[in-house]
*Asks:* 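Dropping a structure here in structure tokens format, bear with me for questions.
These figures come from a predicted structure and were not determined experimentally. First listed ligand is number 1; within each ligand, the first listed atom is number 1.
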Amino acid sequence: MVVLSVPAEVTVILLDIEGTTTPIAFVKDILFPYIKENVKEYLQTHWEEEECQQDVNLLRKQAEEDAHLDGAVPIPAASGNGVDNSQQMIQAVVDNVYWQMSLDRKTTALKQLQGHMWRAAFTAGSMKAEFFEDVVPAIRKWREAGMKVYIYSSGSVEAQKLLFGHSTEGNILELFDGHFDTKIGHKVESESYRKIANSIGCSTNNILFLTDVTLEEASAAEEADVHVAVVVRPGNAGLTDDEKTYYSLITSFSELYLPSSA
Ligand SMILES: CSCCC(=O)C(=O)COP(=O)(O)O
Ligand SMILES: [Mg+2]
């Protein structure tokens, strides 16, 4: 088995979700289709609720920022009352969500609505998150060895808690010391990793970030002096020969060797 030695200065392991703890197929074939199939009905049912209106306002602000992009779908300002107005607005939000999802955008606005929508499916037990089989045993071992373990995903913190709280392995939220999402900054910006270190109360070089995305995520983390290992999983995007040479690669969390656990 390949073994990757974790530098002695590392005290925190920061985990991506999609393609790292969880198969991309679970996200693309279960989580995202659920949104597409249910977004219209969800908006119609919850339209008058404050949480739903906050989600719509955030999506509208994002749509304004996106106005210059090819194919962007505007969400008009609420101009009047009445069923027709609400139905037009709902259709605009649905079209905007579909457009953003067609580009796999990671905007806070889209991720917030998605998190709220998944709540019903996870809490009803009709959806259970999946993890690669090495994930839970490895995290338990890291914690026994004294590591802190955090999640950093584009999925909202609320969605992350649903995922880890309702999984095929039960509720495993206790395995994490905390969660970060795009509210701290996007995963492709190195400043986000500095803010995470600051929030945890450690230096960036005390963190090892595990992700499947080399271009921009791994590189942004590295730029902030965070240690990075790229996780190669079935279904993940392929890596170039240069990326394979440049990055430390693991195919399972069990390949990480912690000197402190020897
Ligand atoms: C609770 S995570 C749901 C998956 C998701 O929406 C997503 O964007 C995953 O992004 P990641 O940063 O974990 O690759
Ligand atoms: Mg990922």
Side-chain angles (χ1 to χ4, degrees), residues 13-39 55 58-59 62 97-98 100-123 127-132 135 139 149-169 171-173 175-176 178-189 192-193 196 208-222 226 228-239 243 247 249-251 253:
I13 299 185
L14 184 64
L15 299 171
D16 163 62
I17 295 179
E18 182 184 3
T20 298
T21 63
T22 298
I24 288 182
F26 176 74
V27 177
K28 295 272 185 317
D29 299 342
I30 295 178
L31 287 181
F32 288 176
Y34 177 89
I35 300 297
K36 290 186 179 167
E37 282 158 24
N38 292 287
V39 62
D55 291 349
L58 208 56
L59 284 162
Q62 183 64 47
V97 165
Y98 266 72
Q100 289 205 57
M101 290 186 71
S102 72
L103 301 172
D104 195 17
R105 298 198 71 216
K106 307 285 189 184
T107 63
T108 304
L110 175 65
K111 295 294 157 186
Q112 180 171 303
L113 174 71
Q114 288 177 335
H116 290 151
M117 286 186 62
W118 288 321
R119 187 164 53 205
F122 277 113
T123 55
M127 200 182 264
K128 281 195 194 310
E130 293 167 20
F131 308 117
F132 291 104
V135 169
I139 296 175
V149 183
Y150 288 82
I151 298 291
Y152 182 28
S153 169
S154 305
S156 68
V157 166
E158 207 170 338
Q160 295 173 25
K161 289 183 177 170
L162 287 168
L163 211 81
F164 292 104
H166 304 82
S167 81
T168 52
E169 317 223 14
N171 179 346
I172 56 160
L173 277 170
L175 296 183
F176 302 103
H179 299 256
F180 298 99
D181 62 17
T182 54
K183 285 191 179 146
I184 201 138
H186 287 278
K187 293 170 80 185
V188 298
E189 291 163 5
S192 308
Y193 299 87
I196 287 174
L208 170 65
F209 179 45
L210 304 185
T211 180
D212 59 316
V213 178
T214 47
L215 250 188
E216 299 187 0
E217 275 185 26
S219 52
E222 240 192 4
V226 163
V228 173
V230 172
V231 186
V232 178
R233 299 288 201 182
N236 285 5
L239 303 176
E243 287 169 337
Y247 287 106
L249 307 180
I250 56 169
T251 59
F253 285 4

*Asks:* Could you check atom 14 (O) of ligand 1 against the protein and tell me its nearest heavy-atom contact, residue, atom and distance included?
*Replies:*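 Its nearest protein heavy-atom neighbour is D16 OD1, 2.9 Å.
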
*Asks:* Using a strict cut-off of 4.0 Å, indicate which atoms of ligand 1 neighbour a heavy atom of K106.
*Replies:*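 Per the distance check, 7 (C), 8 (O), 9 (C), 10 (O).
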
*Asks:* Got the closest protein heavy atom to atom 13 (O) of ligand 1, with its distance?
*Replies:*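 Looking only at protein heavy atoms, the one closest to atom 13 (O) of ligand 1 is S153 OG, 2.7 Å.
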
*Asks:* How does W118 reach ligand 1, if at all, at less than 4.0 Å between non-hydrogen atoms: by side chain, backbone, both, or neither?
*Replies:*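 Side chain only.
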
*Asks:* Restricting to N, O or S, what is the name of the atom of D212 that lies nearest the Mg ion (ligand 2)?
*Replies:*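 So the atom name we want here is OD1.
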
*Asks:* What heavy-atom pair brings H179 and Y150 nearest, and what distance separates the two atoms?
*Replies:*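 So the two residues come closest at N-CD2, 4.3 Å.
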
*Asks:* Number the atoms of ligand 1 from 1 as they appear, then name those within less than 4.0 Å of a heavy atom of F32, with their elements.
*Replies:*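 Atoms satisfying the 4.0 Å criterion: 6 (O).
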
*Asks:* Could a heavy atom of Y152 be found less than 4.0 Å from some atom of ligand 1?
*Replies:*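 Distance cut 4.0 Å: Y152 fails for ligand 1.
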
*Asks:* Taking only heavy atoms of S154 into account, list the atoms of ligand 1 that are under 4.0 Å away from them.
*Replies:*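 With S154 as reference, the close atoms of ligand 1 come out as 8 (O), 10 (O), 11 (P), 12 (O).
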
*Asks:* Can you sort out the partners of Y193 under ring-ring contact (aromatic ring centres under 6.0 Å, His included), two or more places apart, ordered by chain and number?
*Replies:*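 Listed in chain order: Y152, F209.
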
*Asks:* List every atom of ligand 1 that sits less than 4.0 Å from any heavy atom of I17, numbering the atoms from 1 in the order shown and giving each element.
*Replies:*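 Answer for ligand 1: 2 (S), 13 (O).
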
*Asks:* For atom 3 (C) of ligand 1, which protein heavy atom lies nearest, and how many Å away is it?
*Replies:*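 Heavy-atom neighbour on the protein nearest atom 3 (C) of ligand 1: L31 CD1, 3.8 Å.
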
*Asks:* How close do L59 and L110 get, heavy atom to heavy atom, and via which atoms?
*Replies:*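 Closest approach of L59 to L110, heavy atoms only: CD2-N, 3.9 Å.
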
*Asks:* Looking only at non-hydrogen atoms, find the nearest pair between S192 and G185 and report the distance.
*Replies:*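 It is OG-C, 3.1 Å.
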
*Asks:* Can a side-chain donor-acceptor contact be found between E217 and T211 if the only test is distance below 3.5 angstrom?
*Replies:*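 There is such a pair (donor and acceptor under 3.5 Å, judged by atom type) between the side chains of T211 and E217.
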
*Asks:* Atom CG of L210 and atom CD1 of I151: how far apart are they, to the nearest 0.5 Å?
*Replies:*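 Interatomic distance, L210 CG to I151 CD1, rounded to 0.5 Å: 10.0 Å.
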
*Asks:* Can you list the atoms of ligand 1 that are under 4.0 Å from a heavy atom of A159?
*Replies:*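 Ligand 1 atoms under the 4.0 Å threshold to A159: 1 (C).
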
*Asks:* Which residue holds the protein heavy atom closest to atom 5 (C) of ligand 1, what is that atom called, and what is the gap in Å?
*Replies:*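 Looking only at protein heavy atoms, the one closest to atom 5 (C) of ligand 1 is K111 NZ, 3.6 Å.
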
*Asks:* State the CD-NZ distance between Q100 and K111, to the nearest 0.5 angstrom.
*Replies:*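 Spacing of CD (Q100) from NZ (K111) equals 9.0 Å.
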
*Asks:* Quick check on the Mg ion (ligand 2): does D16 put an N/O/S atom closer than 2.8 Å to it?
*Replies:*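 Checking D16: at least one N, O or S atom is under 2.8 Å.
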
*Asks:* Is there a nitrogen or oxygen of S156 sitting under 3.5 Å from a nitrogen or oxygen of ligand 1?
*Replies:*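 It does not: no N or O of S156 is found under 3.5 Å from an N or O of ligand 1.
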
*Asks:* Which of the numbered atoms in ligand 1 are below 4.0 angstrom from a heavy atom of Q160?
*Replies:*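 Those of ligand 1 that fall under 4.0 Å from Q160 are 1 (C).
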
*Asks:* Would you check if the side chain of Q160 reaches a backbone N or O of G155 as a donor-acceptor pair within less than 3.5 Å?
*Replies:*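 Yes, Q160 side chain to G155 backbone: donor-acceptor pair under 3.5 Å.
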
*Asks:* Just let me know how F26 lines up against ligand 1, side chain, backbone, both or neither, with a heavy-atom cut-off below 4.0 Å.
*Replies:*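 Under 4.0 Å from ligand 1, F26 contributes no heavy atoms.
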
*Asks:* Could you say whether the N/O atoms of E18 and ligand 1 ever approach to under 3.5 Å?
*Replies:*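 Yes: some nitrogen or oxygen of E18 is under 3.5 Å from one in ligand 1.
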
*Asks:* Which heavy-atom pair separates F180 from I196 by the least distance, and what is that distance?
*Replies:*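 Shortest heavy-atom contact: CE1-CG2, 3.6 Å.
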
*Asks:* Before accepting this row, confirm whether a basic side-chain N of the pair E18/K106 lies closer than 4.0 Å to the acidic partner's carboxylate O.
*Replies:*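 Result for this pair is yes, salt bridge flagged.
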
*Asks:* Have a look at E18 and say which of its N, O or S atoms is nearest the Mg ion (ligand 2).
*Replies:*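 Among the N, O or S atoms of E18, the one closest to the Mg ion (ligand 2) is O.
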
*Asks:* What is the distance from atom CG of L162 to atom CE of M117, rounded to the nearest 0.5 Å?
*Replies:*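 It is 12.5 Å, given to the nearest 0.5 Å.
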
*Asks:* So which heavy atom in the protein is nearest atom 4 (C) of ligand 1, and how far is it from that ligand atom?
*Replies:*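 Protein heavy atom with the smallest distance to atom 4 (C) of ligand 1: V27 CG1, 3.9 Å.
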
*Asks:* Considering only non-hydrogen protein atoms, determine which one is nearest to atom 12 (O) of ligand 1 and report residue, atom name and distance to 0.1 Å.
*Replies:*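 Answer, as residue, atom name and distance: K187 NZ, 2.5 Å.
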
*Asks:* Less than 6.0 angstrom separating the ring centers of F26 and F131, yes or no?
*Replies:*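 So the answer is no for these two rings.
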
